[in-house]
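Heads up: the structure comes next, in structure tokens.
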There are 2 protein chains.
Amino acid sequence: MHSLPSLNALRAFDAVARTLSMSAAAKQLHVTHGAISRQVKLLEEQLDCRLVERAGRGVALTDAGLRLARTTQEVFDKLEQACDQVKRSAANAPFVLGCSGSFLARWFIPRLEQLKQDCPELELHLTAVDESQAIRPGVDAVLRFAEPPWPEDQRVIELAPERIGPVMRPDLFREEAPAPDQLLQHPLLETLSRPQAWPQWCRAQGIDPSQLRIKQSFEHLNYMLEGALVGLGVAIAPEYLVEEDLRTGRLQAPWGFVETPSRLGLWLPGQDISPAAQLLADWLRAALSR
Amino acid sequence: MHSLPSLNALRAFDAVARTLSMSAAAKQLHVTHGAISRQVKLLEEQLDCRLVERAGRGVALTDAGLRLARTTQEVFDKLEQACDQVKRSAANAPFVLGCSGSFLARWFIPRLEQLKQDCPELELHLTAVDESQAIRPGVDAVLRFAEPPWPEDQRVIELAPERIGPVMRPDLFREEAPAPDQLLQHPLLETLSRPQAWPQWCRAQGIDPSQLRIKQSFEHLNYMLEGALVGLGVAIAPEYLVEEDLRTGRLQAPWGFVETPSRLGLWLPGQDISPAAQLLADWLRAALSR
DNA sequence: TTTTATATGTCAGTTTTTCTCACATGTATT
DNA sequence: AATACATGTGAGAAAAACTGACATATAAAA
């Protein structure tokens, strides 16, 4: 037989669990701390079990509270996501796509005009999101590189394999086809978010990764590429992000690119593919393979 | 900024989505149909979007409703599960373990005495559940055979690999080590739930699966084994389920058993492993490897 | 077609829940 | 000890949800 405790009480508890503070939870839910205190107590009575207890000036979760909180947080996040989605799609709101700042700047922005031409009916908003960040409410989809398997509770539309390779200023190597191990004599640049990039590439080329000497690590891919552009050394980057620089001759990639297990994918919050998401995915696939 | 619609309205909508009927939903939630109708309407206003529409005598979900319902159902199921868990563990309720009827009858029941001796403090209730069925509220864990990968939102404690092999009455083959292909001349028994069992075993033995001729299919493993016991033919069964019959000499397994990709696992509803679950898992692992 | 049974939609009034505000109490910092 | 900050609790007010009655819509039976 069905029997859930008061949902509002669960919501109050959830906010308390997130903030570990009744007053902070109260502020979040736009009520007074008294209301929260009462709701939590109510929930404890309904579950016949203490969930939070005072700990100094704030509160702490009990064992049972901790277990329950794991579920409530996941659950309320999903609910919020889903409601937001419904509300925004009903209001014919623009489709909000999140992607990393570097991808945004180096791949997407240069192709926005083309997108507008190809899909004039698609109202797209772009926003930079943290590389590994989950989909937030307010964002309809996220474009990111990652390795399968994909999480089961999200839909991931695979768009293209990731290909990485060393890139540098054209004046660094003058020859047509320099030997790969000439790299070792040059300063190498990497990003902190992908420490595996250089070793991965080396293994694909048959070079011992332990010979690598990294000269400098950058916080973001963008900074690393700027470094390569001013001649700091040799960067390792995904092909898509340097296409423009290669085309215009500002960078060269003498050894080409090798495929990695990573895939560029369009991550959707739920299982459903909205028409806008499908349209965008189709266009992205086409644009990426050009 | 956070903003969820009324949770009670969501709950009402969820019940409507499940039953596709306002009155049925009303009955489930112990309120009148008017209350449900109002709540759904309220939700539609808050999301600014129609979710259900009249369809003849009942109601049907709109596109948006369908999408939302997927989330609400998952979410409320999880919530109920979690609350149930907390409530029962607080009440020091017995640990309820579900497993298939055949495993229950042929493996677990014969070892209950042993379990009671080994873990006297573990209050265990057993209940037969459908092979592929999800964990219901009221059940703390389920014991089942399945192939990895495991779902991300559940904890699965792997206990042992599945090993299957042909079993039959001892009077069917008198020799010590009959050749495997002698099987083909005997009537073969299978279960509908594991049509892959015979082909799997054959491939492991180097026999062409297409030569197999299945004589009879049974609804449940138990029935098939009963069939083998009365001499209907050769059954293919997991080792654990026939251990007792082999020990007592009622069945023989001349070719032994081969490992399959399946694993016997203890499936828990959430991420957490309760003390009782850990105790049970440890005992199971030990008992299975005896 | 008319009738009947079954559903949903809506309203006014009532019940229940939840909230606020005020004050009490508990805990760390000064 | 005094102060600042946080939680606990009460009575009354505000908000939300529910009921019961009636209106309306649909499908099947007469």
Side-chain angles (χ1 to χ4, degrees), chain A residues 2-62 64-66 68-69 72 76 79 83, chain B residues 2-62 64-66 68-69 72 76 79 83:
Chain A
H2 284 269
S3 70
L4 270 174
S6 153
L7 291 173
N8 288 323
L10 278 166
R11 179 119 183 77
F13 165 75
D14 180 61
V16 171
R18 282 171 203 260
T19 58
L20 291 181
S21 149
M22 298 250 175
S23 350
K27 212 169 288 174
Q28 244 186 45
L29 301 184
H30 306 293
V31 292
T32 58
H33 76 266
I36 298 292
S37 177
R38 282 168 143 343
Q39 290 290 326
V40 169
K41 198 171 166 185
L42 183 73
L43 182 62
E44 290 184 331
E45 273 160 25
Q46 287 177 350
L47 295 183
D48 200 22
C49 173
R50 305 251 11 198
L51 299 171
V52 307
E53 35 192 30
R54 282 195 80 144
R57 282 218 261 213
V59 291
L61 295 179
T62 65
L66 202 66
L68 183 59
T72 59
F76 284 118
L79 259 191
C83 291
Chain B
H2 286 267
S3 72
L4 271 173
S6 152
L7 291 174
N8 288 322
L10 278 167
R11 178 116 185 78
F13 166 75
D14 179 62
V16 171
R18 281 171 203 259
T19 58
L20 291 181
S21 151
M22 298 253 174
S23 349
K27 210 169 291 174
Q28 247 187 43
L29 301 184
H30 306 293
V31 293
T32 59
H33 76 265
I36 298 292
S37 179
R38 276 171 115 38
Q39 289 293 325
V40 170
K41 199 172 166 189
L42 182 73
L43 183 63
E44 289 184 331
E45 274 161 23
Q46 287 178 348
L47 295 183
D48 200 22
C49 172
R50 306 252 8 202
L51 299 170
V52 307
E53 35 193 30
R54 282 194 80 144
R57 283 218 258 208
V59 291
L61 295 178
T62 64
L66 203 65
L68 182 59
T72 59
F76 283 119
L79 260 191
C83 291

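Numbers restart at 1 for each chain; the letters A, B, ... are given by sequence-line order, proteins then strands.
Rounded to whole angstrom, the span from the CG atom of A:Leu20 across to the C1' atom of D:dA6 amounts to 14 Å. For the pair B:Met22 CE and D:dA25 P, the interatomic distance rounds to 16 Å; values are reported in whole Å. Between A:Glu45 atom CD and D:dT9 atom C1' the separation is 13 Å, expressed in whole Å. Counting to the nearest Å, the C1' atom of C:dT8 and the NZ atom of B:Lys27 are 14 Å from each other.
Here the side chains of A:Leu61 and A:Phe13 are in contact, with some heavy-atom distance below 4.5 Å. B:Cys83 places a side-chain heavy atom less than 4.5 Å from the side chain of A:Leu10. Counting heavy atoms from C-beta outward, B:Ile36 and B:His33 have side chains that stay 4.5 Å or more apart. Considering only heavy atoms from C-beta on, B:Val52 stays 4.5 Å or farther from B:Leu20 through its side chain. The shortest side-chain heavy-atom distance between A:Leu51 and A:Val16 does not fall under the 4.5 Å cut-off.
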field: B:Gln39 and B:Leu43: CA distance, side-chain angles, deciding distance, side chain to side chain contact (heavy atoms under 4.5 Å, CB included) verdict
entry: CA-CA 6 Å; B:Gln39 289 293 325; B:Leu43 183 63; over 6 Å; no
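Side-chain N/O atoms of B:Lys41 include none lying less than 4.0 angstrom from OP1 or OP2 on C:dG9. A sub-4.0 Å separation between OP1 or OP2 of D:dG8 and a side-chain N or O of A:Ser37 is present.
In this structure a side-chain-to-backbone donor-acceptor pair under 3.5 Å is missing from A:Ser37 to A:Gly34. Counting only distance, with no hydrogens or angles, the side chain of B:Thr19 and the backbone of B:Ala15 share a donor-acceptor pair below 3.5 Å.
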Every protein N/O lying under 3.5 Å from an N/O of nucleotides 13-20 of chain D:
{"unit_1": "D:dA17", "atom_1": "OP1", "unit_2": "B:Ser6", "atom_2": "OG", "d": "3.3"}
{"unit_1": "D:dC18", "atom_1": "OP2", "unit_2": "B:Gln39", "atom_2": "NE2", "d": "3.3"}
{"unit_1": "D:dT19", "atom_1": "OP2", "unit_2": "B:Thr32", "atom_2": "N", "d": "2.7"}
{"unit_1": "D:dT19", "atom_1": "OP2", "unit_2": "B:Thr32", "atom_2": "OG1", "d": "3.0"}

Anything under 3.5 Å between a protein N or O and an N or O of nucleotides 26-30 of chain D, put it in a table, one pair a line.
none

